[in-house]
There are 2 protein chains.
Amino acid sequence: MKKELVTLKKIAQILDLSTSTVSRALNDHPDISEATTKKVKQLAQSLNYVPNIFAKGFRKHRSNIIGVIVPNITHYFTTTMVRGILEEAAIKGYRVIISESNNDVLKQTEMLNTMMQFGVDGILASLTKMTRDIDNILPILNKVPLILFDKVSNKIPCTQITINDEEAAYNAIEHLINIGKKRIAIIKEREFSYTSEKRFSGYLKALKDHDIEIDEKIIISVDDISLIQGKRMANHLLSIKKRPDAIFAITDSAAIGVIQTLKKFNINIPEDIAVVGFSNSSHSTIIEPKLTTVDQPGEKIGKNAVKYLIEEIESTTDILTNKMIEIKGNLIIRDSTFKV
Amino acid sequence: MKKELVTLKKIAQILDLSTSTVSRALNDHPDISEATTKKVKQLAQSLNYVPNIFAKGFRKHRSNIIGVIVPNITHYFTTTMVRGILEEAAIKGYRVIISESNNDVLKQTEMLNTMMQFGVDGILASLTKMTRDIDNILPILNKVPLILFDKVSNKIPCTQITINDEEAAYNAIEHLINIGKKRIAIIKEREFSYTSEKRFSGYLKALKDHDIEIDEKIIISVDDISLIQGKRMANHLLSIKKRPDAIFAITDSAAIGVIQTLKKFNINIPEDIAVVGFSNSSHSTIIEPKLTTVDQPGEKIGKNAVKYLIEEIESTTDILTNKMIEIKGNLIIRDSTFKV
DNA sequence: ATCGTTCCCGCAATCGTTTGCGTGACAATA
DNA sequence: TATTGTCACGCAAACGATTGCGGGAACGAT
């Protein structure tokens, strides 16, 4: 546990140099001659020198840590984004600390603050659903770069990275139309959710473009978009007089709930009612029939988020950037909308 | 971005005290009178003082960060453990940095080293499958506390936390026997895997205890225990002359592969062949019939891992602890073994 | 009056690294 | 020769918190 630390001073003593020279040599400072630089680096190597991270951070006010906050780390899609974040961060020499907000707004702001106090160089956040009180988040912006991904909010002036939800939803609906569906229901979220709204507007746009009547009765809003709610809403949709012939659930889990109750009532999928989800979760190939859904390239989102964040961290200018980046999601057609 | 930092010195100046007094006051040092302690704390509060984490770590050689390494963060069970880790760590005032080894041994050792250099106070690791070259891991033990969880290795002298794999497997097999199954196959891992071996020995023990013949032909070993392999091995098991009447797959994903091919051949589950998995993954209730499996309390494992790790971190003695902790997993009986 | 305690608190060093500034050696230029 | 410039490096301060040591004040006991 003791293990005599190797420090700049030690290297300096051995080489009969000053610590400053050693430091500069290791950092490729132009003031230092090639010869000594080489000498220093060699010794450092052989002594297995590692710079004291604390002293370094202490001086430079840099931790090389980025903080990540997600609502629920248990969701498969979230983990794929996290994977992308970890990869890209490792490449760029950053470590990642992760927190889970459990969709609790208070916890979320608390975590933002802890992370700040803890000295992260930047924060990547995927917001909880009902993040309305932006006031708690805005102060962060002046202190440390913040980038939102996946669950974003256009009320916050910072760069944001999402799926092209609207377009992807549009494509999904168009696919349903192409296979002959004319009465397409949607199950979306009631609480304001950026992604839900985007997908909804893609839905509306597609219907309009194909001159299909929009019927409020088959536009279903739920509080939490879960498997259970999918079941409930499918039940509801079966009970109305003019049944839909397709159901677009804003989320795979809801779509799976829908499929499960349709099967319970022996409704043929996709002939009687087609179903499409959103996420390409791992469940979508386990359920039968396999679910048509939108694949979201999580790793790509994660990587991009890190890329933009580090850009902001290492930029010298202090202006808030405010880009909106969209990553393309792809419709994956499976048995729930298409029979071979 | 500038934002005049609040430091001990500033507080000291305002209160006309020395920084040392302020420091001690904030740390509840007995030398400081109640009155001044109170005064200092109040001012610190109102000034929104946060100790500079770098300076603190610099002095105390403590980062209050623990490193976590997992093979694959995408697995549901892994995320539940991570959740437990995050929760417990947050409570204890530690941050968590996570890395993914992707089941790559080289990456794993590299990550261990990076984390060490980075100054984590301790490391929690779930090992990659084929971690044989313990040599890369042993040096870590002298430098920083290490605890293994889930994927462990009894070759490494440190405390380890697992499910009671053997017992749980025993219970699963006993359940199969109780519902009348007499010829029970197992699909396990070929490569040495601590958990696989444990589950296998539970299987053997249960069969012996119930005087059931052990048949090598229905003991299947595979390289990677995946859904695909589940399908393949199910095919194989169907092809042998004395078919099994139950299949115990060491893993949910393999069990799901098994179910999928059994269904393809119109074999009744569980009447003809019962299936049980291990993990209680989220897939196990999506598949039909719903899968009987062993629920592993991931959060509990995570929490315990953190608890023991912090214990070691904060202990003053330097002796390597070497406890084996087992967390109980519970058999969850569903349709794949039991018809109502 | 002197001594010994106890209670509170300040001084100053310290951790390892970075960095502004200074300096000596030497070469180039006037 | 005197001046200027460049190169390569050293000095020392600084970052903010912690901590061993020492010391003054107050008080009681002798």
Side-chain angles (χ1 to χ4, degrees), chain A residues 1-41 43-44 47-65 93 116-119 121 314 316, chain B residues 1-41 43-44 47-65 93 116-119 121 314 316:
Chain A
M1 217 70 170
K2 283 292 160 287
K3 201 64 180 168
E4 276 303 315
L5 264 297
V6 183
T7 71
L8 285 187
K9 203 192 292 181
K10 183 157 296 171
I11 297 181
Q13 282 174 351
I14 297 177
L15 258 37
D16 199 34
L17 289 170
S18 71
T19 60
S20 39
T21 302
V22 176
S23 169
R24 283 193 253 256
L26 291 173
N27 291 316
D28 288 313
H29 193 283
D31 263 11
I32 309 300
S33 72
E34 263 185 61
T36 45
T37 298
K38 201 170 177 181
K39 217 168 42 177
V40 169
K41 283 190 176 177
L43 184 63
L47 251 51
N48 221 319
Y49 166 78
V50 296
N52 182 313
I53 204 81
F54 301 116
K56 197 168 185 171
F58 184 32
R59 276 294 317 209
K60 312 251 292 186
H61 292 281
R62 273 285 181 79
S63 59
N64 273 41
I65 302 181
M116 285 238 7
Q117 292 177 19
F118 191 68
D121 291 342
E314 296 182 351
T316 47
Chain B
M1 216 71 171
K2 284 295 161 282
K3 200 67 181 167
E4 274 304 314
L5 265 298
V6 183
T7 71
L8 284 189
K9 202 192 295 180
K10 183 156 296 170
I11 297 180
Q13 282 175 351
I14 296 177
L15 256 39
D16 198 34
L17 289 169
S18 73
T19 60
S20 41
T21 303
V22 176
S23 170
R24 283 192 254 254
L26 291 173
N27 292 316
D28 287 313
H29 193 284
D31 265 9
I32 309 300
S33 71
E34 261 187 63
T36 46
T37 297
K38 200 170 176 183
K39 215 168 43 176
V40 169
K41 282 190 177 176
L43 185 62
L47 252 49
N48 220 317
Y49 166 79
V50 298
N52 182 315
I53 204 81
F54 301 115
K56 198 168 185 171
F58 183 33
R59 277 293 319 217
K60 313 250 291 186
H61 293 282
R62 275 282 182 78
S63 60
N64 273 43
I65 303 182
M116 286 238 3
Q117 291 177 20
F118 191 68
D121 291 342
E314 295 181 350
T316 48

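Below, chains carry the letters A, B, ... as their sequence lines are ordered, and counting in each starts from 1. All values below come from the heavy atoms of this structure, side chains included, with hydrogens, waters and symmetry mates left out.
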Interatomic distance where [atom1] belongs to [X] and [atom2] belongs to [N] [whole Å]:
{"X": "Lys56(A)", "N": "dT19(C)", "atom1": "NZ", "atom2": "P", "result": "10 Å"}
{"X": "Asp28(A)", "N": "dT17(C)", "atom1": "CG", "atom2": "P", "result": "16 Å"}
{"X": "Ile32(A)", "N": "dT6(D)", "atom1": "CD1", "atom2": "P", "result": "18 Å"}
{"X": "Leu8(A)", "N": "dA12(D)", "atom1": "CG", "atom2": "P", "result": "18 Å"}
{"X": "Leu26(A)", "N": "dC9(D)", "atom1": "CG", "atom2": "P", "result": "13 Å"}
{"X": "Arg62(A)", "N": "dG16(D)", "atom1": "CZ", "atom2": "P", "result": "17 Å"}
{"X": "Asn27(B)", "N": "dG16(D)", "atom1": "CG", "atom2": "P", "result": "17 Å"}
{"X": "Ile53(A)", "N": "dG16(C)", "atom1": "CD1", "atom2": "P", "result": "14 Å"}

Taking the side chain as every heavy atom from C-beta outward, state whether [X] and [Y] have any atom pair closer than 4.5 Å.
{"X": "Ser23(A)", "Y": "Thr19(A)", "result": "no"}
{"X": "Asp121(B)", "Y": "Asn64(B)", "result": "yes"}
{"X": "Thr7(B)", "Y": "Asn52(B)", "result": "no"}

Taking the minimum atom-to-atom distance to the side chain of [X], which one of [options] wins?
{"X": "Asp31(B)", "options": "dC11(C), dT18(C), dC8(C)", "result": "dC8(C)"}
{"X": "Ala55(B)", "options": "dG16(C), dA17(D), dG10(C)", "result": "dA17(D)"}
{"X": "Leu17(B)", "options": "dG10(C), dA17(D), dG10(D)", "result": "dG10(C)"}
{"X": "Arg59(B)", "options": "dA12(D), dA13(C), dG16(C)", "result": "dA13(C)"}

Query raised in the report: Parallel, tilted or perpendicular: which fits the ring planes of His61(A) and Phe54(B), with parallel below 30° and perpendicular above 60°?
Result: perpendicular
Requested in this report: Identify, between His61(B) and Thr19(B), the residue whose nearest nucleotide on DNA chain C lies closer to the 5' end.
Outcome: Thr19(B)
**Report entry** 5' priority, DNA chain C, between Glu34(B) and Arg24(A) [closest heavy atom]
**Finding:**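 Counting from the 5' end, the first nearest nucleotide belongs to Glu34(B).
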Ignoring backbone atoms, test whether [X] places a side-chain nitrogen or oxygen under 4.0 Å from the OP1 or OP2 oxygen of [N].
{"X": "Thr36(B)", "N": "dC9(C)", "answer": "yes"}
{"X": "Tyr49(A)", "N": "dT17(C)", "answer": "yes"}
{"X": "Asn52(B)", "N": "dC15(D)", "answer": "no"}
{"X": "Ser33(A)", "N": "dA8(D)", "answer": "no"}
{"X": "Ser20(B)", "N": "dC9(C)", "answer": "no"}

Query raised in the report: Which comes earlier along DNA chain D counting from the 5' end, the contact point of Phe58(B) or that of Thr21(B), where each point is its nearest nucleotide?
Result: Phe58(B)
Query raised in the report: What's the spacing between Ile65(A) CD1 and Ile53(A) CD1 if we round to 0.5 Å?
Result: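 If we round to the nearest 0.5 Å, Ile65(A):CD1 and Ile53(A):CD1 are 8.0 Å apart.
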